[in-house]
Each structure stands twice: as C-alpha cells, then as structure tokens.
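What follows is one structure encoded as structure tokens, with my remarks underneath.
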Amino acid sequence: MTKRKIKRRTFILGLGGFILASKIKNLYKPSQAANYANRDFAVVGNSPLRDRFATKGLLYGAAVSHRSLSSDLPFANRVAAECAILVPESELKWKALRPTPDRFSFAASDWLVNFARSQGLLMRGHTLVWHEALPKWFATKVDSRNAEQLLQQHIATVVGRYAGKIHSWDVVNEAVHPDDGRTDGLRQWPWLQFLGPDYIETAFRAAHEADPQAMLAYNDHHLEYDTKDQEARRTAVLKLLERLKSRGTPIHALGIQAHLRGDADRFNAKKLKTFMRDVASLGLKIMITEMDVTDQKLPKNIDTRDRIVAGSYEDYLNVALEEPAVIAVLTWGLSDRYTWLESQKPRKDRAPVRPLPLDAKLKRKLAWNAIARAADSALKQ
Ligand code: G3I
C-alpha cells in the first residue's frame with residue numbers, strides 16, 4: 001500500500017474517531033432535562049413577583065400590549081398584581097406611532113401609559129431608534145438630507161409627550177452587529193448610512209433634552225451565551241458604551257434583552273458575570289429588559305419542558321441578580337396566552353409554547369417559582 005494511501009487512511013480513521021468521540025461525549029452530556037429533573041422549585045409564601053423584587057430594592061415587570069390589556073380584564077388584573085413596571089411591546093415603535101411622515105398616532109401608547117399610572121405602575125419606553133418596526137414610508141421618504149431633522153423631531157415629540165411619566169427609555173435598540181464587518185461593530189442600517197455613527201449620541205442627547213429625568217438605556221440582544229459570535233457582540237457593546245461615556249453622552253443604563261433558549265448548552269455564568277461587571281464599572285445600571293425562555297426545541301412533555309424553562313430562568317437570574325448594578329427584570333410578556341414566540345418561534349409539533357411565568361390560563365408555572373426564588377435569594381440592593 002503506497003505511503004499516500006496509508007496517510008489518507010490514517011487521516012480518515014483519525015477523523016472518524018474524533019467524530020465518534022464527540023458524539024459519545026454529547027450522548028453522555030447531562031441533558032437539560034436531567035439537569036433540572038430533580039430541582040425542586042419550592043417557593044416560600046404567595047406574594048407576587050413585584051413584592052419579592054421590591055423587598056430587594058429591585059423592579060419586576062413585563063411587556064404588555066394595548067390589545068391584550070384593553071380586551072382581557074382577568075389578564076390585566078394579573079399584570080397589575082404581579083408587575084411594578086410595564087413596557088409596551090410595540091405601541092411606542094415608529095411603525096405604531098408614525099402612520100404617515102407628518103402624523104403621530106398616540107392612542108394606544110396613551111392608553112397604556114394611563115393604565116400604568118392608574119394602577120400605580122412604572123412604565124418603560126421601547127424604542128426610539130431601531131431597524132425594525134419602521135413604517136412603510138420610511139424607506140422612500142427618509143434620506144441623508146432629512147434624517148437628522150426627522151430623528152430629532154421624533155424623539156422630541158415622543159419623549160416630550162411622556163416626560164416625567166417614563167421610568168426609562170430604550171433610546172437605541174440592537175445597533176451592534178459585528179457580522180456587518182465594521183471595526184466599531186455597528187450595524188449597517190439607514191440611520192448609520194444617513195448620519196454616520198454619531199446618530200447614537202445624537203439620539204441620547206435629544207432624549208435627555210426632552211426628558212432630563214428619564215433613565216436612558218442602550219438595549220441589545222444575544223449577549224447571554226458563551227459562543228464566539230456572542231462574545232464578539234459583548235465586546236462590541238462594551239466598546240460602544242465606553243465610547244459614549246467617554247464623550248459625555250447622557251446614557252445611564254444597558255438593557256440586556258435575555259431572550260434565552262431552553263435547549264441552549266452554552267450558558268457560562270462566569271462570562272456573564274464578568275460582562276455585567278465590566279458594564280457596571282462604566283457607572284451604568286443594567287436592566288434585564290425582554291426575558292423569556294423559548295421551548296421551541298424542548299421535549300413535548302409539559303413537566304419536562306416547564307422544568308427546563310424554569311431552570312434556565314433561575315440559573316440566569318441567580319447570576320444577574322448578584323450584580324449590584326442590576327435594577328430591574330422584565331419578562332417579554334407575563335402569560336403564555338400572549339407571547340411573540342407562539343407566532344415567531346412555534347414548535348414543530350404545534351404544541352402551544354410555554355416560555356413565560358404564567359400559563360395560558362394565568363396559572364403560576366415553575367418558571368414563576370424560579371423567578372420568585374431568584375428574587376428571594378438575591379442580596380438586598
Ligand atoms: O398591530 C398590527 C395589527 O393591526 C395587524 O393586524 C397585525 C397583522 O400584520 O400586525 C400587528 O402588528 C404586529 C405587532 O407585533 C403587534 O402585534 C406586527 O405585525 C409584528 O411585526 C409585531 O411584532 C413585534 C416585533 O417586536 C416587531 O415590532 C413583536 O410582537 C414583539 O414581541 C417584538 O419584540 C422585539 C423587541 O421589540 C426587540 N427585541 C426582540 C423582540 C422580539 O422580536
């Protein structure tokens with residue numbers, strides 16, 4: 001047999017061995033199900049999440065929509081009972097607020113702000129600058145000549161309207177996208193093309209001018225797991241925050257969306273802790289702004305699914321709530337009755353998704369227990 005043939009055979013055997021080894025390793029890696037199968041999610045007492053978090057000087061809340069709150073009283077009552085702060089899921093985005101270039105539509109957002117105030121709840125604003133949820137006319141009507149004026153006018157009008165009524169604004173959302181290849185890691189999108197990277201600072205200064213009391217946040221996603229691309233995202237977000245702070249930009253917080261995956265196996269508590277510490281060392285607060293746990297790829301069995309979802313919430317919040325700069329946790333919805341995941345990350349088996357603290361019948365799930373336990377074991381801020 002020629003030297004060449006021996007070399008090739010050795011290489012193939014080696015490769016085969018490697019693949020087999022990794023499969024065996026995966027086979028015996030304790031599955032998420034095994035991780036949480038025996039965890040008892042026992043909780044002391046019945047008090048709602050808002051009170052458990054308040055006891056530690058923290059805020060708990062959820063994303064809500066005008067449609068669900070205004071048409072579902074039992075749900076609205078549970079929201080008011082469990083939450084201390086709310087955020088509109090879509091009603092403060094350009095698509096909802098700007099039906100035409102010269103008209104604003106505040107009916108739904110006004111209703112939500114008034115609902116919160118009538119229930120003694122705080123309200124977050126989401127979001128003033130984003131590449132999604134833009135009105136159809138945006139692509140044809142906005143260019144480098146009018147972009148600055150439009151951005152300033154939008155922020156002055158929207159933030160000005162709710163001045164003194166909004167706890168914190170996500171001024172800019174998801175502006176970091178290292179895959180676009182820029183050295184600053186910024187996302188290539190219209191605002192950047194029209195105004196250059198300073199559009200972010202411009203937006204924060206305009207928001208601060210319109211409501212000097214509101215806490216102003218930069219909000220982003222995919223910052224949770226120990227993967228190469230999310231490490232690059234954390235680095236780019238930190239760089240952006242350092243640059244904004246170094247230029248005296250009125251930015252006060254980072255919003256970490258925390259859309260978690262129940263099937264994820266790359267959660268690294270140490271890396272998350274370090275990232276949060278680095279953000280805090282810039283003098284910034286941190287808010288977990290859009291937490292949920294997708295069960296799209298989890299086993300169909302409801303108890304197994306609920307255990308993995310609950311375990312994912314608890315493991316993440318146990319790390320996050322250790323960081324003194326963390327001031328609030330909001331889930332992206334409160335009940336499985338209303339969740340974006342049902343339409344945007346449905347299960348192949350069409351079984352209803354279960355990513356949130358309350359089930360579709362508004363009953364507390366293990367996920368609710370997990371969030372309550374994390375608050376109960378958190379240190380007082
Ligand atoms: O209100 C209209 C309704 O009148 C119309 O009949 C219906 C059918 O087209 O659309 C409704 O608008 C939808 C809106 O949600 C309200 O339900 C939009 O099409 C739909 O795109 C929008 O999806 C929202 C999405 O952001 C885009 O704005 C999701 O509910 C919302 O959960 C999602 O939230 C984002 C955060 O803002 C940022 N981070 C990720 C997160 C999940 O994608």
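A quick note: this is a predicted structure, and the numbers were derived from the prediction, not measured. Counting starts at 1 for both ligands and their atoms, in listed order.
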For ligand 1, which atoms sit closer than 4.0 Å to a heavy atom of Ala133?
28 (O)
Quick note on ligand 1: atoms under 4.0 Å from a heavy atom of Glu174 include exactly 38 (C), 39 (N), 40 (C)
Looking at Glu132, Glu290, Lys93, the heavy atom closest to atom 33 (C) of ligand 1 belongs to Lys93
Evaluating non-hydrogen atoms only, which member of Glu89, His222, Lys345, Arg67 is closest to atom 29 (C) of ligand 1?
Glu89
What's the shortest heavy-atom distance between Arg52 and Gly45, and which atoms?
NH2-O, 3.1 Å
Any non-hydrogen protein atom less than 4.0 Å away from [atom]:
atom: atom 10 (O) of ligand 1; value: no
atom: atom 21 (O) of ligand 1; value: no
atom: atom 7 (C) of ligand 1; value: no
atom: atom 25 (C) of ligand 1; value: yes
atom: atom 43 (O) of ligand 1; value: yes
atom: atom 37 (O) of ligand 1; value: yes

Is the cationic atom of Arg337 (NZ for Lys, CZ for Arg) positioned less than 6.0 Å from the six-membered ring centroid of Phe75 and within 45 degrees of its normal?
no
Does NZ or CZ of Arg98 come closer than 6.0 Å to the centre of the six-membered ring of Phe138, within 45° of the ring's axis?
no
To the nearest 0.1 Å, how far is [atom] from its closest protein heavy atom, and which atom is that?
atom: atom 18 (C) of ligand 1; value: Lys95 NZ, 4.2 Å
atom: atom 34 (O) of ligand 1; value: Trp332 NE1, 3.2 Å
atom: atom 16 (C) of ligand 1; value: Ser90 OG, 3.9 Å
atom: atom 23 (O) of ligand 1; value: Gln344 NE2, 3.6 Å

Is the number of heavy atoms from other residues, nucleotides or ligands within 6.0 Å of CG (Asn46) greater than 12?
no
Examine Trp332 together with His126 and report whether their ring centres are nearer than 6.0 Å.
yes
Given the side-chain rings of His259 and Trp340, with only the six-membered ring counted for Trp, is the space between their centroids under 6.0 Å?
yes
As an exercise, state the distance from CG of Leu112 to CZ of Arg117, rounded to the nearest 0.5 Å.
13.5 Å
Just checking, any donor-acceptor pair under 3.5 angstrom between side chains of Asn219 and Glu290?
yes
Taking atom types as modelled, find out whether Asp265 and Tyr225 have a side-chain donor-acceptor pair closer than 3.5 angstrom.
no
Is there any N or O on Asn173 that sits under 3.5 Å from an N or O of ligand 1?
no
Backbone or side-chain N or O of Trp340 under 3.5 Å from ligand 1 N or O
no
With a 4.0 Å cut-off on heavy atoms, is His221 in contact with ligand 1?
no
Are Cys83 and Leu49 side-chain neighbours, meaning at least one heavy-atom pair lies under 4.5 Å?
no
Looking at Thr304, Asp306, Asp315, which one forms a side-chain hydrogen bond (donor to acceptor under 3.5 Å, both in side chains) with Tyr36?
Asp315
